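Working notes, structure below.
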Amino acid sequence: MKYGLFLGCNAPAIRPDLERAMRLTMPELGVELVEMEGYACCPGYGTFPASDEIASLAVSGRNLAIAEERGVDVLVECGSCYSVLRHAAHNLRHDEEKAKKTNELLAIDNKKFSGTSQVRHMIDVLYHEVGTEKIAQSIKHRLDGIEIVVQYPCHTLFPSDVMGFDDPRNPHKLGELVEAMGAKVPRFSREYQCCGGAGGFAARSKKEATAFAKKKFDAIKAETNAEAIVVSCITCLMFMNNIQTDFGEGWETIPVLDYNQLLALCMGFDPKQVCSIGETLKVPAEPREKFIEKITKAAVPG
Amino acid sequence: MIDLAEANTGLWKDIVTEDMGDIRKCYNCGTCISGCPAAEGNPPLLIRRLVRMVLFGLEDELLDDETPWACVSCNQCMEMCPQGVKPFEVGLAIRRWQCREDETYIPPSLPELWEIGHTQSVHKQGELRKSLGLDESPPSVVTDHESMANFRKMLKETAIVKSAPYMFPDEEE
Ligand code: SF4
Ligand code: SF4
């Protein structure tokens with residue numbers, strides 16, 4: 001199994017511990033990661049998609065062409081990158097006129113979009129290609145007795161006819177991936193609420209976006225005994241981690257981890273490499289460190 | 001008071017294209033607002049209202065309305081709209097129209113993308129990345145001179161870059 005790893009902008013620049021976690025865990029599961037040399041921004045929704053549609057398709061099409069040249073499908077963790085690239089591939093496959101204009105631009109860069117590479121999200125590949133059984137067998141530390149809530153990334157769910165690999169009204173696959181490692185994943189009232197972290201909302205309405213997120217965190221605290229939140233989207237990861245500093249005094253931080261980080265910890269990789277950047281974001285490191293310690297001390301199966 | 005006699009009734013044709021959903025089918029139900037995070041913003045993003053503005057041809061009001069830029073692109077409205085209006089795409093189409101009408105709308109992230117191929121400095125975290133066991137930079141366009149030159153050559157031919165070339169200066173070597 002081979003995929004072109006599309007890293008986007010945020011993981012390599014702001015949370016390279018997540019990049020490290022992906023690069024360490026996937027080969028352990030038999031997934032070879034191919035480098036997408038020369039790749040650029042997906043491009044983010046606030047950039048070309050919001051200013052020039054054909055330019056946007058060209059920048060996405062260029063990234064997709066890089067994967068096509070290598071004969072691989074694209075593997076993406078970031079929800080926005082996944083959504084942008086997947087929408088672009090869909091449009092380019094179904095709209096001849098747009099594909100023609102896009103390929104005229106791509107020709108300047110000696111590239112061509114043919115539509116041979118699929119865009120796959122991390123949850124999709126882990127669930128459908130690797131499988132929960134293989135994941136369970138790959139870990140050294142089990143999460144038995146630990147409660148973890150999951151954040152389903154909106155961008156990977158909607159619109160389901162273009163994005164879909166999970167049930168859009170009742171997503172469960174990320175939860176099952178966490179359960180595969182022994183943790184309990186409780187349901188709660190605001191389980192499917194968006195984190196609110198992407199785009200201009202939080203930047204333009206800081207107070208309202210904080211209150212919006214707080215409702216979700218309050219529900220987690222009131223209705224579950226979650227010791228961590230697991231996401232599979234860099235925006236959810238950064239936003240849900242950072243926003244907790246705005247919840248005021250007395251707020252006890254809940255550690256937020258990406259699925260591949262949790263997997264890396266359970267596989268026994270060095271926490272300093274795969275899950276270490278919380279405190280540089282002004283979130284107290286202690287809750288995360290305590291959670292990590294609990295995992296690394298957890299029983300080795302077998 | 002808004003004088004509808006002065007409205008530009010052809011506005012919707014400048015904004016939405018045929019390949020998008022038919023916004024005339026919007027029946028103002030508000031489903032696109034009920035699940036929208038940015039609808040809780042200040043001011044709120046109300047896609048239903050924007051669709052009305054487009055249909056009524058309220059050009060000046062729409063050009064002054066920055067709320068489409070608050071969208072978090074969650075696409076819940078795309079999933080839920082019972083009329084196939086594609087509300088998220090309408091929001092993007094309004095933003096593109098605003099950029100065409102008024103270049104101050106062109107996002108500052110665009111020149112950044114032109115300069116480094118990214119919205120974040122992926123090439124400036126060498127030390128941190130190395131301390132985690134990673135290469136100094138990901139295998140991106142920014143560290144590959146030839147790729148970067150070709151990337152810019154392509155962008156140079158796009159409508160948006162042509163519309164405001166001063167924002168996208170050629171690198172002085
Ligand atoms: S959900 Fe669709 S039909 Fe309802 S108000 Fe929004 S755009 Fe109009
Ligand atoms: S895609 Fe944008 S407009 Fe639609 S629900 Fe999400 S934030 Fe609101």
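Chain letters run A, B, ... following the sequence lines, proteins first, then strands; residues in each count from 1. Since this is a predicted model, take the numbers as computed values, not measurements.
Among A/A50, A/A40, A/C41, the residue making the largest number of heavy-atom pairs under 4.5 Å with chain B is A/A50. Between chain B and the residues A/A202, A/P168, A/S160, the largest count of heavy-atom pairs under 4.5 Å involves A/S160. Ranking A/I54, A/V162, A/N10 against chain B, the residue ahead of the rest is A/N10, based on heavy-atom pairs under 4.5 Å. Your options are B/T158, B/T67, B/L110, B/V142, and the one with the most heavy-atom pairs under 4.5 Å with chain A is B/L110. The most heavy-atom pairs under 4.5 Å with chain A, out of B/P107, B/S147, B/S140, B/S109, come from B/S140. Heavy-atom pairs under 4.5 Å with chain B were tallied for A/L24, A/V59, A/L105; the largest tally goes to A/L105. Taking chain B as the reference chain and counting heavy-atom pairs below 4.5 Å, the highest number among A/C195, A/P159, A/G79 is found for A/P159. Per-residue counts of heavy-atom pairs under 4.5 Å with chain A were compared for B/P43, B/C99, B/C77; the largest is that of B/C99. Ranked by heavy-atom pairs under 4.5 Å with chain B, the list A/G199, A/P43, A/G46, A/A198 is led by A/A198. Chosen from B/T143, B/N150, B/I106, B/V72, the residue pairing most often with chain A at heavy-atom distances under 4.5 Å is B/V72. Considering only heavy-atom pairs separated by less than 4.5 Å from chain A, the leading option among B/D144, B/V161, B/D19, B/L45 is B/D19. Contacts with chain A were tallied for B/I94, B/T119, B/I116; B/T119 has the most, counting heavy-atom pairs under 4.5 Å.
What you find for A/E35 and B/P139 is that their closest heavy atoms are OE1-CG, 3.2 Å. Shown here for B/A159 and A/D52, the closest heavy-atom pair between the two residues is N-OD2, 3.2 Å. Residue A/F201 comes nearest to B/P37 through the heavy atom pair CZ-O, 3.4 Å, listed as atom of the first residue, atom of the second, then distance. The minimum heavy-atom distance between A/Y45 and B/L92, with the atom names listed, is O-CD2, 4.0 Å. Across all non-hydrogen atoms, the minimal contact from A/H155 to B/S73 is NE2-OG, 2.8 Å. Of all non-hydrogen atoms in A/C154 and B/Q76, the two that sit nearest each other are SG-NE2, 4.3 Å.
By the neighbour-count criterion of 12 heavy atoms within 6.0 Å, atom NZ of A/K215 is densely surrounded, having more than that number from other residues, nucleotides or ligands. For NZ of A/K214, the number of neighbouring non-hydrogen atoms (other residues, nucleotides, ligands) closer than 6.0 Å is greater than 12. More than 12 heavy-atom neighbours from other residues, nucleotides or ligands sit within 6.0 angstrom of CZ on A/R204. Within a 6.0 Å radius of CD in B/E61, more than 12 heavy atoms belonging to other residues, nucleotides or ligands are found.
Here A/F158 contributes atom CZ and B/M78 contributes atom CE; the two are 12.0 Å apart, rounded to the nearest 0.5 Å. Taken to the nearest 0.5 Å, the CD1 atom of A/I234 stands 9.5 Å off from the CD atom of B/Q120. Atom OG in B/S131 sits 8.0 Å away from atom CD in A/Q273 (nearest 0.5 Å). Atom OG1 of B/T17 is separated from atom NZ of A/K98 by 5.5 Å, given to the nearest 0.5 angstrom.
Only the side chain of A/S83 comes within contact range of chain B, judged by heavy atoms closer than 4.5 Å. Contacts of A/L7 with chain B are made by side-chain atoms alone, with heavy-atom separations under 4.5 Å and no backbone atom involved. In this structure, chain B has no heavy atom under 4.5 Å from any part of A/K206. Both the backbone and the side chain of A/L106 have a heavy atom closer than 4.5 Å to some heavy atom of chain B. If you measure heavy-atom distances from A/D17 to chain B, the contacts under 4.5 Å come from both the backbone and the side chain. Interface residue A/R62: only side-chain heavy atoms are found under 4.5 Å from chain B. Within the 4.5 angstrom heavy-atom criterion, no atom of A/A209 approaches chain B. Looking at A/H87, the atoms closer than 4.5 Å to chain B (heavy atoms on both sides) all sit in the side chain, from C-beta outward. Neither the backbone nor the side chain of A/V274 comes within contact range of chain B; no heavy atom of the residue lies under 4.5 Å from a heavy atom of that chain. The contact between A/E53 and chain B is made by backbone and side chain atoms together, counting heavy-atom distances below 4.5 Å.
Not one N or O on the side chain of A/D109 forms a donor-acceptor pair closer than 3.5 Å with the backbone of B/M154. B/R129 places a side-chain N or O within donor-acceptor distance of the main-chain N or O of A/P12, the cut-off being under 3.5 Å. A/S205 places a side-chain N or O within 3.5 Å of a backbone atom of B/N42 that can act as its donor or acceptor partner. Without hydrogens or angle criteria, B/R96 side chain to A/P49 main chain gives a donor-acceptor distance under 3.5 Å.
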- Task: Could you give me the CA-CA distance, side-chain angles and deciding distance for B/E79 and A/R169, then say whether side chain to side chain contact (heavy atoms under 4.5 Å, CB included) is met?
- Result: CA-CA 10 Å; B/E79 182 80 15; A/R169 309 285 166 132; 4.3 Å; yes

- Task: Show your reasoning for whether side chain to side chain contact (heavy atoms under 4.5 Å, CB included) applies to B/N75 and A/M163.
- Result: CA-CA 10 Å; B/N75 275 274; A/M163 298 303 141; 6.0 Å; no

- Task: Check the pair A/E19, B/L134 against side chain to side chain contact (heavy atoms under 4.5 Å, CB included), reporting the backbone distance first and the verdict last.
- Result: CA-CA 8 Å; A/E19 179 184 335; B/L134 291 167; 3.7 Å; yes

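Taking the side chain as every heavy atom from C-beta outward, B/L128 and A/I277 approach each other to under 4.5 Å. Residues A/Y39 and B/H118 have side chains in contact (heavy-atom distance under 4.5 Å, counting atoms from C-beta outward).
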